[in-house]
Structures are given as structure tokens and as C-alpha cells.
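A note on names: the letters A, B, ... follow the listed sequences, proteins ahead of strands, and every chain is numbered from 1. The structure presented is a predicted model; accordingly, all values stated were derived computationally and were not measured.
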2 protein chains.
Amino acid sequence: MDERTLLILGLLKSQSQHGYQINDFIERNLGRVSDMKKATAYSLLKKLNESGLIEATTEQGGNRPAKQVYSITPAGEEKFYKLLRMSLVQVNDYLPHGDIGICFMDQLPKDEVIGYLNERLAKTEELLASYEDVPPHVEHLHGVNLTIRHRIALFRCDIEWMKQTIEELRARS
Amino acid sequence: MDERTLLILGLLKSQSQHGYQINDFIERNLGRVSDMKKATAYSLLKKLNESGLIEATTEQGGNRPAKQVYSITPAGEEKFYKLLRMSLVQVNDYLPHGDIGICFMDQLPKDEVIGYLNERLAKTEELLASYEDVPPHVEHLHGVNLTIRHRIALFRCDIEWMKQTIEELRARS
DNA sequence: AGGTGATTAGTCACACTTGACTATATACGT
DNA sequence: ACGTATATAGTCAAGTGTGACTAATCACCT
């Protein structure tokens, strides 16, 4: 949740905006960095507002319904820097999602498992290709490009591991 | 949540046991594969019991309070195999935890960021070493060893990425 | 026989997250 | 002028996950 707070504060730091814009930006540009959903963003905005890290001004545009425009407060900026520093020193400890299945692989015939892993391997290679093809560029967020490289590296690592695992299974008596 | 169901069904498939044993086994042997907490395990057991995938028999031992012993049902075994197959073909899509901070790194002085990343690098190397040193061995769950290798590979990948990133930051005008 | 700490066994209130829903405004074709 | 599709802006019920708590038993010392 700290990560998500950091994200919202970071976006509001560069520009005041309302919930919709924030969610839109995340969906369009940061889908590879965060999977926060709209409803979560709104509820976080509400919480951050209540705790004084951001403040809302009601904007009346024509005869539209009123919208809230959120801006970061000084307290919010402080929190932003604190969370940013925390995030930068934080070790990534992966719990790869699919590894519980790997634990129980002996419950299926070896050849069937090899088939599934090959399927997974192919899908992962496709996904990797989609990252390699599209050179990303989020205007003022240079760091995003580094995260894309990060994920490419992780996919390659996963692919190597799968190949090695399949090889080893094949070699089993 | 499917992953967690798979884990519980898998453990009950090899042996009927109560909630405490399940949680204990996860904490002791599978801390590197799942981070499911005790309360979650109990609530899952309850749900799986209600939906007929497992069944509970009350065990009265001496004058202790009664405990529930859970066993997998035929429906549960079917579900187990279904989830296992799903898990094996499922692509891992990493959203590395710390990458939101990376996105905003330009908000801090370059040298400060390099300092933090070096700290993170050192911590990750330590963690990697702890995985490399202790040769793991979970008796009847041979697949666990493969997951350990998986995580070692991911740590190495992360380390490479950090080194590369730090290098690039250093090289910036 | 009494105290202390670990082990066994489990519950519960609370926080977080999201799918599905509401509702207005704007664009655009016909 | 009218439908209808899309963008804008947000809410809410329901599900998931867990820290903190309760409570009995056991091991061991003194």
C-alpha cells in the first residue's frame, strides 16, 4: 500500500489532477509498473485527503457535476520523499506466482508436465517479445524505461530457468 | 487465491492433517514459495470445507479441546489436478515491487539515488548468498528444490539489473 | 506446587482491493 | 434531432488477507 501511496503522491507532485486523470495515466502508461485499479485509486485519494497528505478543491465546470481536483500538500511532499527513499533501498523478494504448481509437479506424469512447461515457455517468449518490440517512452518519467528493462531481464531469466528445468526433467530416468 | 487453494489441497492430498500442521509446514518449509499466513489458511480451510473440496472430522484427544482434522475429498482431488495444470501453464508476470520508486528516481539527486541502489544491491547479494548456502531439501516435495533455483536465478537477474542501472546513472552527465 | 516459556489450535475485527454499477457530458454519424 | 458510443467521474457491496488476540496444554526449572 505504501507503493500505491508513493505512486499517487508522485503523480500529484508533478501536477494537480482529479481521480480520473490519475487512473487514466496509470492504465495508459504504467500498466507495466502498477496494477492498481480505479476503485483503489479513488479510495486511496480519499484516505490521503483525510490524512492531510493531499487536499481537494471542488471544481465547478459549467453545469457538469462537480469534480474534485487533488493537489499534494507540503506534508504530502515530505511523505513522498520518505516513501521514495524507502522504495529505492527496498529489496525485491519475488514469490513467483506459479511456483506452487512446480512444488507439486511430481503428482503428474513427467511428459505431461514437460508439455505444460513448454506451453508456458512459449507464452513467456511472446510476452518478452512484446516488451522488446515497443520502445516505451513516458515523457517526463524517465525512470519508467528502466523498469521496462527490469522486466525484460526478469522474463529472460524466467525463460532460462524454464529451459533448464525442462532439460532436467527430460534427463530424468 | 487459486494458488493458495492449490497449496492447501496439495498438502492435504499427501496427508490428512489439521490447520495448525498445515500452517506450520508452510512456515517451516515453504516460506520461500508462499507467504500465506495462519489466519488465511484457516479461513481457506473453512471455505474449502463448505464447498466440499475437503471434509473435517472432529478429533477428541484426552481432555483437550476438540480439533478438526481435514482430509481431501474426491471432488477436492479433481480440483487439485485442475489447479495444478492451470498453475503449470501460467506465465509469471512480475510487477517488481520496488519499481514505482525507480519511476520517480529523478526527483532525487543522482548521487543519493546511487547510494540507495548500492545499499539495495548489497542487501540483495546477502539474500542471494543465504539461498545459495543452505542446500534445501523438503523430503517428499522434490519440486521445491526447483523453486529455490528459480529464486536464485531471479536474484542474480535483479543484481545484474541493479549494477547496470547504477552504471548508467554514473555515466549520466 | 508454582512459575515461565514454548507449542498447539484457532478466532475476529479491520484494512485493502476490486468488479460491477451509476450517471452525466461530449462526439459523431445519419 | 436522435441514437449511440465513448470519455469523464465516481460509488459500493462483497471478497480477500492478516495482525493481534484468546486459550489450553506441555516442558522444564526451582
Side-chain angles (χ1 to χ4, degrees), chain A residues 1-9 11-12 15-31 33-51 53-54 56-71 83 93 95 97 100, chain B residues 1-9 11-12 15-31 33-51 53-54 56-71 83 93 95 97 100:
Chain A
M1 208 217 70
D2 276 352
E3 291 278 308
R4 291 172 170 195
T5 299
L6 174 61
L7 178 55
I8 297 224
L9 291 178
L11 293 180
L12 287 179
Q15 191 187 350
S16 298
Q17 44 197 324
H18 25 253
Y20 186 81
Q21 285 173 281
I22 287 180
N23 176 250
D24 197 53
F25 187 83
I26 292 172
E27 269 185 6
R28 283 184 208 282
N29 301 306
L30 301 179
V33 185
S34 171
D35 57 357
M36 182 166 48
K37 299 300 187 302
K38 193 163 41 152
T40 311
Y42 276 105
S43 85
L44 245 184
L45 282 170
K46 197 176 160 197
K47 218 191 72 177
L48 294 179
N49 186 31
E50 277 160 11
S51 60
L53 299 178
I54 66 179
T57 56
T58 302
E59 186 188 67
Q60 264 303 349
N63 53 353
R64 286 156 150 287
K67 3 174 190 170
Q68 303 296 312
V69 179
Y70 295 99
S71 316
L83 290 176
D93 199 358
L95 277 187
H97 177 92
I100 291 180
Chain B
M1 205 219 73
D2 277 352
E3 291 278 309
R4 294 175 166 193
T5 298
L6 174 61
L7 178 54
I8 297 223
L9 290 178
L11 292 179
L12 287 180
Q15 191 187 351
S16 299
Q17 44 196 325
H18 26 252
Y20 185 83
Q21 287 174 280
I22 287 180
N23 176 251
D24 196 54
F25 187 84
I26 293 172
E27 271 184 4
R28 283 185 208 281
N29 301 306
L30 301 179
V33 185
S34 171
D35 57 358
M36 181 165 49
K37 300 299 188 300
K38 194 164 42 153
T40 310
Y42 277 103
S43 82
L44 246 184
L45 282 170
K46 198 175 159 196
K47 220 190 71 176
L48 295 179
N49 186 31
E50 276 160 12
S51 59
L53 298 179
I54 64 178
T57 56
T58 303
E59 186 187 66
Q60 264 304 350
N63 54 349
R64 288 156 149 287
K67 6 175 187 171
Q68 302 296 312
V69 179
Y70 295 99
S71 318
L83 291 176
D93 199 357
L95 277 187
H97 178 95
I100 291 180

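The side chain of B:Tyr42 places no N or O atom within less than 4.0 Å of a non-bridging phosphate oxygen (OP1 or OP2) of C:dT11. The side chain of B:Tyr20 places an N or O atom within less than 4.0 Å of a non-bridging phosphate oxygen (OP1 or OP2) of C:dT8.
Note: CG (B:Asn49) to P (C:dG10) measures 12 Å, nearest angstrom. Look at CG on A:Asp35: it is 10 Å from P on C:dT17, rounded to the nearest Å. Rounded to an integer number of Å, the gap from NE2 of A:His18 to P of D:dT8 is 8 Å.
If you check C:dT8, C:dG19, D:dG10 against the side chain of A:Lys37, the one that comes closest is C:dG19. Among C:dG19, D:dG19, C:dG10, the nucleotide with an atom closest to any side-chain atom of B:Ala39 is D:dG19.
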Mind listing the N/O atom pairs, protein and nucleotides 14-16 of chain C, below 3.5 Å?
none

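The CG atom of B:Leu83 sits 6.5 Å away from the OG1 atom of B:Thr5 when rounded to the nearest 0.5 Å.
Nearest-nucleotide mapping onto DNA chain C: of B:Lys46 and B:Asp24, the residue sitting toward the 5' end is B:Asp24.
Counting distance only, with no hydrogens placed and no angle test, the side-chain atoms of A:Lys38 and the base atoms of D:dG10 include a donor-acceptor pair under 3.5 Å.
One finds no salt bridge joining A:Asp24 and A:Lys38 here, because no Lys/Arg side-chain nitrogen approaches an Asp/Glu carboxylate oxygen to under 4.0 Å.
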